[in-house]
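Input: a single structure, listed below in structure tokens.
Below, chains carry the letters A, B, ... as their sequence lines are ordered, and counting in each starts from 1. Computed from a predicted model, the values in this text were never measured in an experiment.
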There are 2 protein chains.
Amino acid sequence: MKFEAVTIKDIAKALGLSTSTVSRALRDSYEISPETKKLVLEYAEKINYHPNPIALSLKERRSRSIGVIVCEIANSYFSQVINGIESIANTNGYNVIISQSHESSVKELVNLQYLTSRSVDGLIISVSTETTDFNFFRELHDRGMPIVFFDRIVDEIQTHKVIADNFKGAYDATTHLINSGYKRIATLCNTVFLSIGKERLAGYKAALKDHGMEPDDALIRYCQHGGMVAAEMDQAMNELFSLTNPPDAIFAAADKLTTGSLRALCARGMSVPEDIGLIGFSNSELTELLNPSLSVVRQPAFEMGEEATSLLLELIESKRPVTDFQTRVLSTEMLLRSSTRLQKRSPKTSLS
Amino acid sequence: MKFEAVTIKDIAKALGLSTSTVSRALRDSYEISPETKKLVLEYAEKINYHPNPIALSLKERRSRSIGVIVCEIANSYFSQVINGIESIANTNGYNVIISQSHESSVKELVNLQYLTSRSVDGLIISVSTETTDFNFFRELHDRGMPIVFFDRIVDEIQTHKVIADNFKGAYDATTHLINSGYKRIATLCNTVFLSIGKERLAGYKAALKDHGMEPDDALIRYCQHGGMVAAEMDQAMNELFSLTNPPDAIFAAADKLTTGSLRALCARGMSVPEDIGLIGFSNSELTELLNPSLSVVRQPAFEMGEEATSLLLELIESKRPVTDFQTRVLSTEMLLRSSTRLQKRSPKTSLS
DNA sequence: CACGTTGCCGGGAACGATTGCGTAAAAATA
DNA sequence: TATTTTTACGCAATCGTTCCCGGCAACGTG
């Protein structure tokens with residue numbers, strides 16, 4: 001089963017010209033006569049000629065395509081980011097190759113090698129939660145591969161980065177819980193080895209402190225796989241609710257942790273927001289329709305994709321090595337709905 | 001900014017060999033002495049050599065990658081299918097290139113051209129809702145490009161296809177509404193120019209007829225963009241509820257139509273399932289947590305991706321042109337939850 | 001008329017890898 | 001020892017395209 005395409009040679013042969021002449025005619029070179037150009041262009045059009053990008057990639061050592069690595073496209077946040085990436089990339093004549101790490105650093109590495117060997121002109125990456133060894137990224141970067149990190153960034157590598165204001169998002173969400181009257185606020189967060197984990201946890205802690213509450217390590221639960229592994233969520237919940245002084249609200253620091261929390265709370269027969277308040281990071285379109293409708297911190301995912309791509313194209317198209325790198329921080333948005341609407345009840349004595 | 005990779009020439013030069021020898025040593029050819037092989041392999045390992053897939057693609061006219069075209073990766077169904085595709089493709093040494101049509105036939109065509117010019121070895125496609133001209137697919141197919149259609153298939157092109165049992169899924173869902181006591185059952189469906197639209201509508205109608213109800217065209221609303229365009233949904237809903245005899249249940253024939261219906265019903269202040277029952281096709285993970293929890297027809301998305309990929313690899317790796325094509329039909333699964341649980345109320349007189 | 005300039009085009013190398021063919025040296029055979 | 005076979009490697013073409021270089025006309029100029 002072979003699929004044959006028309007080449008520049010076919011045109012040359014048919015028209016009795018050399019391949020060089022045809023190539024130049026197609027590229028509108030000044031050293032080709034108008035008549036010949038017309039001849040070639042018309043014939044090329046007629047037989048539906050398209051230059052072979054593979055041959056071009058080989059010759060030019062560039063592919064006009066950019067590689068994207070995310071952990072999971074099924075995650076609304078990432079699929080929105082990808083749409084942002086595509087919008088900018090396509091208008092600039094670049095194609096986007098998407099690959100998923102599924103939070104595995106091995107798969108991440110494999111994808112990385114595939115993309116680079118495919119001569120992508122640059123990479124947009126949100127690292128997997130498992131990744132602790134950044135040497136391959138560094139090596140790639142040192143050898144001149146343009147890279148932009150977003151969302152889960154790598155501090156130790158100097159390049160452009162795009163993130164949401166994770167600290168403020170977490171700070172505001174936690175503050176909202178406090179202002180709503182919740183007294184013992186727990187958090188479910190990613191590992192602090194992930195930039196988003198660290199920043200959001202810091203925001204949570206700062207909000208507590210600024211309102212005279214001391215962060216309690218017993219109320220901070222880490223989910224290495226960010227809610228992808230059910231057992232991890234269950235364990236975290238069990239630990240929280242077997243405390244002598246269990247939480248009355250949860251701030252979930254990632255998309256799947258947020259919906260996962262709701263699922264776990266429902267399974268326990270607890271009612272939100274009466275028994276427990278819930279707010280979390282989420283970009284799902286459905287949070288408003290959930291039971292109860294969820295208060296969420298929403299990231300400007302599409303815009304983040306756009307920003308990351310603009311920065312990457314800058315790197316790619318720069319003539320000289322870029323040394324002045326920037327980190328763009330975009331504001332999050334808080335959507336307040338029922339899950340944090342504490343009903344007025346008889347005041348409880350709180351020990352916190 | 002150029003990213004230089006090590007080539008076979010670098011190895012040849014460093015070891016004082018010819019490129020042919022190095023190439024053969026790397027491919028473990030019998031005509032290379034064990035010592036030379038060892039030398040080459042060790043050096044290649046040391047300098048981290050990887051063959052350039054672009055050069056290989058050019059030479060072999062194959063890329064060991066398959067192209068996938070779906071309308072939207074943000075749709076849970078499609079992201080699950082893609083995971084299925086990747087699982088089979090990767091274990092067979094193929095890479096997957098994902099592209100989105102966003103339901104635009106223009107973008108679909110552009111993606112198609114990009115993928116073929118990138119020498120993908122085969123294509124897995126769910127056509128966009130806008131597409132009415134299948135000539136490009138046919139041409140590609142006729143010229144020997146292996147193609148497998150799934151979900152939204154093209155009847156007029158003879159190749160392998162993978163679909164869910166759309167008829168039965170719709171039939172069962174509608175029957176369930178009838179058995180739950182609903183009397184005037186409306187449907188929101190895709191255009192019938194789409195295979196899934198046609199099949200699901202047929203299932204809906206058959207279920208009504210088999211239970212002594214006559215399908216009423218006033219209760220059948222089409223959404224060309226499958227719920228992606230809010231205005232379209234709104235109009236359909238307005239039309240339904242301005243009927244003198246409005247529906248008391250809705251069967252939504254696609255993912256976004258299902259959640260979109262719930263959103264629209266909530267906006268109207270109608271309560272599900274009391275005022276109106278709701279069931280629909282959906283592969284979202286969150287339907288259980290919605291308010292109310294949604295009864296859904298679930299497609300075996302991951303398995304469909306696996307099946308489609310197996311069939312495609314068969315086509316790709318077949319020595320002779322394949323003429324015996326099959327259409328695999330996988331069963332759907334019905335998950336019954338609150339949105340179809342009609343409360344016992346005073347019997348209404350129904351005119352249907 | 002001789003010479004430089006310009007316009008227009010072809011030859012061939014290159015990108016990185018594979019592979020059919022040719023061949024020198026070493027080994028096996030007569 | 002002479003011949004054949006085997007071993008082990010290099011040369012060069014190929015995939016589709018670009019681009020440097022070289023060349024041949026026709027033209028203009030002194």
Side-chain angles (χ1 to χ4, degrees), chain A residues 2-41 43-44 47-65 113-114 116-121, chain B residues 2-41 43-44 47-65 93 113-114 116-121 144:
Chain A
K2 268 287 184 294
F3 178 80
E4 307 283 347
V6 314
T7 75
I8 229 169
K9 282 189 192 168
D10 301 327
I11 302 180
K13 201 169 294 171
L15 266 43
L17 293 169
S18 75
T19 57
S20 352
T21 305
V22 175
S23 171
R24 271 185 279 251
L26 291 169
R27 317 208 120 241
D28 201 27
S29 160
Y30 69 96
E31 21 179 18
I32 302 296
S33 73
E35 304 86 61
T36 311
K37 273 185 194 166
K38 187 156 170 289
L39 201 67
V40 170
L41 287 173
Y43 188 72
I47 64 171
N48 195 28
Y49 167 81
H50 286 281
N52 183 328
I54 305 251
L56 281 176
S57 295
L58 183 58
K59 188 118 220 323
E60 317 254 301
R61 268 107 132 250
R62 67 182 317 213
S63 58
R64 295 198 77 81
S65 62
Q113 288 176 329
Y114 170 74
T116 56
S117 67
R118 278 259 132 204
S119 292
V120 291
D121 298 340
Chain B
K2 269 288 183 295
F3 177 80
E4 307 284 345
V6 318
T7 75
I8 226 170
K9 283 188 193 167
D10 301 328
I11 303 179
K13 199 168 295 171
L15 266 44
L17 293 168
S18 75
T19 58
S20 7
T21 305
V22 175
S23 171
R24 272 185 274 251
L26 291 169
R27 318 207 120 242
D28 201 28
S29 160
Y30 69 96
E31 28 179 12
I32 302 298
S33 73
E35 304 86 61
T36 310
K37 274 185 195 167
K38 187 154 170 290
L39 202 66
V40 170
L41 287 173
Y43 188 71
I47 64 171
N48 195 29
Y49 167 81
H50 287 279
N52 182 329
I54 305 250
L56 281 176
S57 294
L58 184 59
K59 184 124 210 348
E60 318 257 309
R61 267 106 135 257
R62 69 183 313 220
S63 58
R64 295 198 78 80
S65 62
Q113 288 176 329
Y114 170 75
T116 56
S117 66
R118 280 259 133 203
S119 291
V120 291
D121 298 340

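Distance from the side chain of E60(A) is smallest to dT18(D) among dA12(D), dT18(D), dT17(D). You'll find that the side chain of R24(B) is closest to dT19(C), out of dG16(D), dT19(C), dG12(C).
Residues meeting the side-chain contact (heavy atoms from CB on, under 4.5 Å) test with S57(A), sequence neighbours left out: S63(A), I54(B), R118(B). Considering only residues two or more places apart in sequence or on other chains, T19(B) meets the side chain to side chain donor-acceptor pair (under 3.5 Å) condition with none of them. Take S18(B) and apply the side-chain contact (heavy atoms from CB on, under 4.5 Å) test, not counting sequence neighbours, and it matches S20(B), T21(B). Every residue two or more places apart in sequence or in another chain that forms a side-chain contact (heavy atoms from CB on, under 4.5 Å) with L39(B) is listed here: L15(B).
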(Q) side chain to side chain contact (heavy atoms under 4.5 Å, CB included), that's the test. Do V40(B) and L26(B) meet it? Break it down for me. (A) CA-CA 7 Å; V40(B) 170; L26(B) 291 169; 3.9 Å; yes

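Atom CG of L15(B) is separated from atom P of dA8(D) by 17 Å (rounded to the nearest Å). In this structure, L58(B) places its CG atom 14 Å from P of dC15(C), rounding to the nearest Å. Separating the CZ atom of R62(A) from the P atom of dA14(C) is a distance of 23 Å, rounded to the nearest angstrom. Rounded to an integer number of Å, the gap from I54(A) CD1 to dT17(D) P is 11 Å. Distance NZ (K9(B)) to C1' (dG10(D)): 15 Å, rounded to an integer number of Å. Atom CG of L56(B) is separated from atom P of dT18(C) by 5 Å (rounded to the nearest Å).
Between the side chain of R118(A) and the base of dG16(C), no donor-acceptor pair under 3.5 Å is found. The base of dG16(D) does not come close enough to the side chain of S23(A) for any donor and acceptor atom to sit less than 3.5 Å apart. The base of dG16(D) does not come close enough to the side chain of T19(A) for any donor and acceptor atom to sit less than 3.5 Å apart.
Along DNA chain C, the nucleotide nearest L17(A) and the nucleotide nearest T7(B) are compared for position; the residue whose nucleotide lies closer to the 5' end is L17(A).
For K59(B), no side-chain nitrogen or oxygen approaches OP1 or OP2 of dG16(D) to under 4.0 Å. Contact annotation: S18(A) side-chain N/O to dC9(C) OP1/OP2 distance is not under 4.0 Å. R61(A) has a side-chain polar atom (N or O) that falls below the 4.0 Å cut-off from OP1 or OP2 of dG16(C).
Although no hydrogens or angles enter the test, the distance criterion places a donor-acceptor pair under 3.5 Å between the side chain of S33(A) and the main chain of T36(A).
The salt bridge (charged side-chain N to carboxylate O under 4.0 Å, His left out) analysis of residues 17-34 of chain B, with sequence neighbours excluded, yields the pairs R24(B)-E31(B), D28(B)-K37(B).
For DNA chain D, the neighbouring residues in residues 26-41 of chain A, judged by any heavy atom under 4.0 Å, are R27(A).
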